[in-house]
Structures are given as C-alpha cells and as structure tokens.
Amino acid sequence: MYMQMVAPCLLGLEGLVSDELKYLQAENVKAENGRVFFDGDESILARANLNSRFSERILICLDRFNATSFDELFEGVKALPWSEFIGVSDTFPVKGYSINSSLHSVPDCQKIIKKAIVESLKEDYGISWFEETGAVRQIQFSIMKDEVTVMLDTSGVALHKRGYRPDANAAPIRETLAAALCSLSKLRHYHTLYDPFCGSGTILVEGAMLANNIAPGLNRNFSFERWGIVSDGIMKSEKERCLEFVKTDTDFIAFGSDIDKRSLELVNLNAKRAGVEEFIKTSIADIKDFSPQSERGTLVTNPPYGERMLDIKEAERLYKIMGEKLVPKKGWSYGIISPDEEFERLFGRKADKRRKLYNGMIKCQYYMYFR
C-alpha cells in the first residue's frame with residue numbers, strides 16, 4: 001500500500017529529518033515547519049519508525065483539506081476510508097491543535113472529528129455502537145490557516161523514547177535533539193566524543209548509536225505492529241536491514257564527565273540498556289579540570305543554565321570557564337547548546353556557525369566552533 005506519511009519534529013530539525021528520510025529511500029520528501037511529509041509503502045513506514053533519529057513520530061497522512069466551518073470539517077473527515085485502518089473493536093482517540101484558523105476550539109474540533117469517524121464506521125460495519133476495547137489507533141489532526149491535516153499515529157510512544165532511558169536526572173535533553181547535535185557536529189565512527197556535562201548520558205549514548213549506525217528503534221515496539229498493516233515478513237526484513245548496516249569495527253569512543261556521581265551511574269545503566277557500554281567511559285570531574293584523553297576530539301554538550309538548573313550568575317561563570325578550557329586547537333570541534341543570548345560574549349569567542357534549535361519549549365542556539 002503506497003501512502004503519504006508525515007514525520008513531526010522539533011523546530012529546527014526539519015532539514016535533518018528530510019535528509020534522513022531521503023537516505024531511507026522515502027519519496028516526495030517535503031519539509032514544512034515542524035514536520036516533513038513523504039511517501040512510501042509499508043516497508044518505508046516500518047523503516048522510518050525503526051531508523052529515524054530526529055523525528056518525533058511517523059504518522060499516516062489520510063488527507064489534507066480546507067475547512068472554515070464544522071460542517072466542512074465533519075464532511076471532510078467522514079469521507080475518509082476509516083474502516084481500512086480501524087477495526088470494529090479498535091480504540092480511536094482523537095487529539096490535535098489549531099493555529100490561526102476559523103475553527104479555533106480544539107475540544108470542539110475533537111468532538112466533530114470523532115463523530116465523523118463514528119458515522120463513517122457505522123455505515124461500513126453496520127453497527128451503531130463501538131466498544132473501543134481493542135488496539136489503539138491514535139487519530140491526530142492539525143488545522144493551520146484553515147487547512148486540516150488528518151493523520152494516524154503509527155509509532156505509539158514517541159520516537160525519542162528509545163527504551164534505554166527509563167530514569168534520567170534533572171532537565172534531560174531529548175534523545176532526538178541529542179542525536180541532532182551530534183549529527184550537526186559531523187560526528188563520525190572514527191571520532192572521539194566528549195561531553196563534560198554529561199548528565200544521564202543522552203548525548204554520549206546517541207553519539208555512540210549514530211557513529212556505529214545502530215538504529216534507534218531496534219529495542220522498542222510500535223503501534224502499527226498490532227494493526228496487521230505491516231506483515232511480519234516486512235518487519236523481520238527491516239530489522240535485518242538495520243542490523244546489516246551496523247558498523248562492527250569502529251574506532252569510536254566517548255568520554256563523559258560530570259560532578260554528580262548519581263548521574264554517572266545513570267550513564268552506565270543507560271549505555272548498557274542501549275548496548276553501547278563498550279564505547280563509553282565516565283569520570284567525576286568539574287569543567288575547570290577538563291583534560292581530554294586524545295589529540296583530537298568532537299565535544300558536544302548541553303551545559304546547565306539559569307532557566308534550567310542553575311542561577312544566572314553560576315551559569316555565566318561556567319561559560320567563562322568553558323571559554324578558557326575549550327580553546328581553538330587543530331583536530332578539535334566544540335558544539336554547545338544554550339538559550340543564553342550572551343553566551344558568545346561570556347565564552348569569549350564568536351561561534352564559527354550557529355543553528356537555532358528548541359530544547360523542549362526553550363529557544364536555543366547551537367554554537368559550533370571548529371576553526
């Protein structure tokens with residue numbers, strides 16, 4: 001079955017998601033704000049869920065149409081072939097959002113969409129009541145400038161939940177963003193990665209998975225697996241494909257340090273769950289004592305800052321220390337994500353490149369130094 005799909009993502013990651021989907025052989029890839037549309041069959045649906053490092057979910061896009069009234073919304077949704085995707089006993093909750101549109105009440109839109117789906121299923125199944133006790137088919141919608149997009153979530157739990165981090169320390173960075181930082185810093189399988197504020201180790205683990213080409217979704221399940229829409233044979237084949245692409249002989253190693261012993265215990269636990277413990281070494285250390293173990297290195301870090309964990313003065317002190325320790329050096333690059341617009345002044349140097357990203361709801365810049 002050939003279908004249109006959409007991959008929502010954190011703002012600023014659309015380009016990475018687009019490139020990733022093209023690499024995975026998706027077709028007609030087109031980026032919009034916070035999401036990327038693409039086409040493919042059941043194999044691409046499974047492949048995107050298993051392999052996407054930067055997307056939040058993979059959704060089937062059922063239709064896009066304009067609606068400025070509830071009648072138009074109802075008729076547009078009811079016309080879709082819902083019985084092809086929703087079984088007679090399946091559960092089908094509805095959620096979504098509306099931005100700059102005539103239909104601005106999200107609860108009312110939810111009710112109308114739910115009613116339209118029920119009416120469509122009534123006609124196809126010839127029954128008047130749906131128990132909704134079976135597998136969950138999460139319906140999602142977006143209404144932007146009166147354009148309605150109706151989607152079906154195939155992932156279930158968001159894709160940034162890789163399965164290796166059931167516990168985390170305060171203010172962890174999202175896995176998809178950590179992977180993006182490593183990718184933007186051009187981390188390779190022959191590099192040495194450093195994170196001097198490693199926390200629970202998300203950047204280290206994502207870096208190890210990226211460098212060794214380990215698919216992030218291999219150790220978790222997805223909603224679509226319970227639907228029968230993708231055969232067991234396709235899923236088996238796509239998992240085998242993932243394993244074939246894993247690099248088995250790399251020089252990659254990652255060094256993480258932190259002042260908190262509990263954080264380092266979490267790093268080791270998370271690395272073990274992700275199957276990358278052999279690539280990661282940890283130590284208790286303050287940034288002022290940063291002492292690299294190699295001649296070359298790729299540093300990627302998410303230091304604590306005022307809005308997140310520390311008071312502003314302490315964060316500023318850290319940035320100054322970082323500027324003193326992370327000096328320009330051949331074979332080295334430094335990537336630091338921060339929401340502080342004064343970061344470069346405090347660090348002591350203008351970044352060679354900046355990239356606007358969002359860490360949760362906090363607007364940040366990724367400051368990259370490589371010259």
Charged N to carboxylate O below 4.0 Å: is that the case for E14 and R355?
no
Verify whether one side chain among E27 and Y2 offers a donor that lies under 3.5 Å from an acceptor in the other.
yes
For I234, does its backbone N or O pair with a side-chain atom of S231 as donor and acceptor, under 3.5 Å?
yes
Using modelled atom types and a 3.5 Å cut-off, is there a donor and acceptor pairing between side-chain atoms of Q138 and backbone atoms of V136?
no
Ignoring hydrogens and geometry beyond distance, is a side-chain donor-acceptor pair present between H191 and T298 at under 3.5 Å?
yes
NZ/NE/NH1/NH2 to OD/OE distance under 4.0 Å, R165 and E175:
yes
N-O pairing of E324 and K288 below 4.0 Å
no
Polar side-chain atom of E84 near backbone of P81 as donor-acceptor pair, under 3.5 Å:
no
Under 4.0 Å between a Lys/Arg side-chain N and an Asp/Glu carboxylate O for R35 and E56?
no
Pair L243-K239, side-chain contact (heavy atoms from CB on, under 4.5 Å): steps then yes or no
CA-CA 6 Å; L243 294 172; K239 286 186 174 181; 5.6 Å; no
Quick check: Y194 with F255 (ring centres under 6.0 Å apart)?
yes
Is it possible for you to check whether K356 lies under 6.0 Å from the centre of the six-membered ring of Y366, through NZ or CZ, and within 45° of that ring's axis?
no
Main-chain N/O of L152 paired to Q140 side chain as donor or acceptor, under 3.5 Å:
no
Return the CG to OG distance between D146 and S101, rounded to the nearest 0.5 Å.
4.5 Å
Rounded to the nearest 0.5 angstrom, the CG-CD1 distance for L346 and I321 is 11.5 Å
Salt bridge E240-K236, side-chain N to carboxylate O under 4.0 Å
yes
By the definition ring pair (Phe, Tyr, Trp, His ring centres under 6.0 Å), identify the one residue from Y319, Y369, Y367 that meets it with F347.
Y369
Atom CG in L210, atom NZ in K186: separation rounded to 0.5 Å?
11.5 Å
Exam field: side chain T91 to backbone G134, donor-acceptor pair closer than 3.5 Å:
yes
Regarding T154 and N49, do their side chains bring together a donor and an acceptor under 3.5 Å, going by distance alone?
yes
I259, CD1 atom: more than 12 neighbouring heavy atoms under 6.0 Å
no
Check for me whether R220 meets the cation-pi criterion with Y164, that is, NZ or CZ under 6.0 Å from the six-membered ring centre and within 45 degrees of the ring axis.
no
Residues T301 and Y334: side-chain donor-acceptor under 3.5 angstrom
no
Derivation of the side-chain contact (heavy atoms from CB on, under 4.5 Å) call for Y97 and I143:
CA-CA 6 Å; Y97 60 90; I143 309 177; over 6 Å; no
Can you check whether F38 reaches Q4 side chain to side chain, under 4.5 Å on heavy atoms?
no
Partner of D153 by salt bridge (Lys or Arg N to Asp or Glu O under 4.0 Å), out of R137, R57, K95:
R57
Taking atom CZ of F279 and atom NE2 of H189, what is their separation to the nearest 0.5 Å?
11.5 Å
Would you say the side-chain atoms of S294 pair up with the backbone N or O of R296, donor to acceptor, closer than 3.5 Å?
yes
With a 4.5 Å heavy-atom cut-off, do F65 and E147 have their side chains touching?
no
Spell out, as yes or no, whether a donor-acceptor pair under 3.5 Å connects the side chain of Q365 to the backbone of I337.
no
Salt bridge or not between R53 and E206? Use side-chain N to carboxylate O under 4.0 Å.
no
Quick test of your reading of the model: are R345 and E342 salt-bridged, counting only N-O distances below 4.0 Å?
yes
Do K111 and K114 have side chains that approach each other closer than 4.5 Å (heavy atoms only, starting at C-beta)?
no
Backbone N/O of T68 and side chain of E72: donor-acceptor pair under 3.5 Å:
yes
Donor-acceptor pair, D260 side chain versus S263 backbone, under 3.5 Å?
yes
Examine the side chains of R47 and Q25 and answer whether a donor and an acceptor come within less than 3.5 Å of each other.
yes
Whether K272 and E265 form a salt bridge (side-chain N of Lys/Arg under 4.0 Å from carboxylate O of Asp/Glu) is what I want to check.
no
Under 3.5 Å, is there a donor-acceptor pair between the side chain of D258 and the main chain of L264?
no
Any ion pair linking E314 and R317 (charged N to carboxylate O, less than 4.0 Å)?
yes
